[in-house]
Amino acid sequence: MRELLDDIDRWRNAGKRIALARVVDIQGSGPRGAGAAMAVNEDGEVIGSVSGGCVESAVVTEALAILAGEQLSRVVTFGYSDDDAFAVGLTCGGIIHLFIQPLEW
Amino acid sequence: MTPYETFSSHVRDNSPVALATIIEGPNVGAILVVTPEGAIGGTLGNDDIDRVVTRDTMGELEAGRTIVRHYGPQGQSTPEDLIDTDTVRVFIESFSPPPLMWIFGAVDFTAALARVAKILGYHVIVCDAREIFATRRRFPMADEVRVTWPTPMFEERGERLGPRDAVCILTHDPKFDVPAIAGALATKVGYIGVMGSRKTHAKRVERLADVGITSPEQLNRVHSPIGLDLGGRTPEETAISIVGEIISSRTGREARSLGATDGPIH
């Protein structure tokens, strides 16, 4: 998240609402470890990344739903192969767990 | 200050700080900001859980670990206390200060190495005794440029170097190299690399012997000639080979092509 602070501060100073997505756990092979982070503002601008590009667009959709109040802060998981799965996965076959919340703290 | 402002000011000051965030259970999204001295902002909902999570987070921060831990709503952490209670999952994320890279010698290779090291997240200090070369204008990418000899630099700050850090000696000049190597060997620094041809290295080993550095344990810590055998020539290619060697010496890998090996990638 260190690398996101300048942009986050700029957004905060502009009064933008922000959602923060952080990788909390990885099972199997994953391109980025726990702590990888991205942030999305209410205008849909995105900084950072949480995988090698496999799940970022799905994370943006989730983050915007949380900012819109359609979803609560929660852990989302990508890479499951069962029917509850999201439509996206990691090309390397790993499972990635992210916590997404509004940055209102 | 909000918890975020407290947290971000510590990160910017390169002071160790951790975030403990409830990711499941009551109070999802609640945040506690923790430093090695204790909690300094936010709350997870009650004093009991704050106290237990603060203690655990201080331990994880000390180890530089990022991990999910499980508690009861009042911070219960023993398995029998967790039966028949809600489980609170807490994501503990440690932000350690960036690793250090000291580069001795203000030469062309230095600028390229400093640039690559910044990409990898190092706090980079360029050090040379020659005032006209060791300037901010030549090394704007470095975090600090010091005009000094190696020995005072190590005396002043050598204790700060640890296993995650690197000392790269690019001077090519024995009156600078030898004290820099001796200074680095007296620290706990994880990587020491010295530039020079194989011939230069052989002569340098003789000079090191003159100052009493002869043991294989000491000499094995010195990577020289510096870098992996990539066959590159330019300062930028050399910089990549140096940081490649730093990574492979940390992971203990042989730095071959993944296509030529089997086993886990990470």
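Throughout, a chain's letter reflects where its sequence line sits, starting with A, and its residues are numbered from 1. Since this is a predicted model, take the numbers as computed values, not measurements.
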Structural part of A:I100 lying under 4.5 Å from a heavy atom of chain B |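 For A:I100, neither part sits under 4.5 Å from chain B.
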Which atom pair, heavy atoms only, marks the closest approach of A:G35 to B:F91?
->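 It is N-CZ, 4.1 Å.
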Crowding at CG, A:D43 (>12 non-hydrogen neighbours, <6.0 Å) |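 Yes.
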If you tally heavy-atom pairs under 4.5 Å between each of A:M1, A:R2, A:Q101 and chain B, the highest tally belongs to A:R2
Nearest 0.5 Å please: distance from the CZ atom of A:F99 over to the CD atom of B:E93.
->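 Here the rounded value is 11.5 Å.
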Would you mind checking which part of B:P264 comes under 4.5 Å of any heavy atom in chain A, side chain (CB onward), backbone (N, CA, C, O), both or neither?
-> neither
Which one of A:V75, A:D25, A:L72 has the most heavy-atom pairs closer than 4.5 Å to chain B?
-> A:V75
Chain A contact residues among residues 8-31 of chain B, heavy-atom distance under 4.5 Å |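 Within residues 8-31 of chain B, near chain A: B:S8, B:V11, B:R12, B:N14, B:L19, B:T21, B:I22, B:I23, B:E24, B:V28, B:G29, B:I31.
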Take A:L5 and B:Y4 through the test side chain to side chain contact (heavy atoms under 4.5 Å, CB included) and record every step on the way to the result.
-> CA-CA 10 Å; A:L5 295 182; B:Y4 170 79; 3.5 Å; yes
Is the count of non-hydrogen atoms from other residues, nucleotides or ligands lying under 6.0 Å from A:N13 atom CG greater than 12?
-> yes
If you take all heavy atoms of A:A34 and B:T66, which pair is closest and at what distance?
-> CB-CG2, 3.8 Å
Flag yes if more than 12 heavy atoms outside B:E5 fall under 6.0 Å of its CD atom; otherwise flag no.
-> yes
Determine which residues belonging to residues 64-71 of chain A lie within contact range of chain B, meaning some heavy atom pair is under 4.5 Å apart, and list them by number or answer 'none'.
-> none
Got a sec: does the CD of B:E156 have more than 12 other heavy atoms crowding it under 6.0 Å?
-> yes
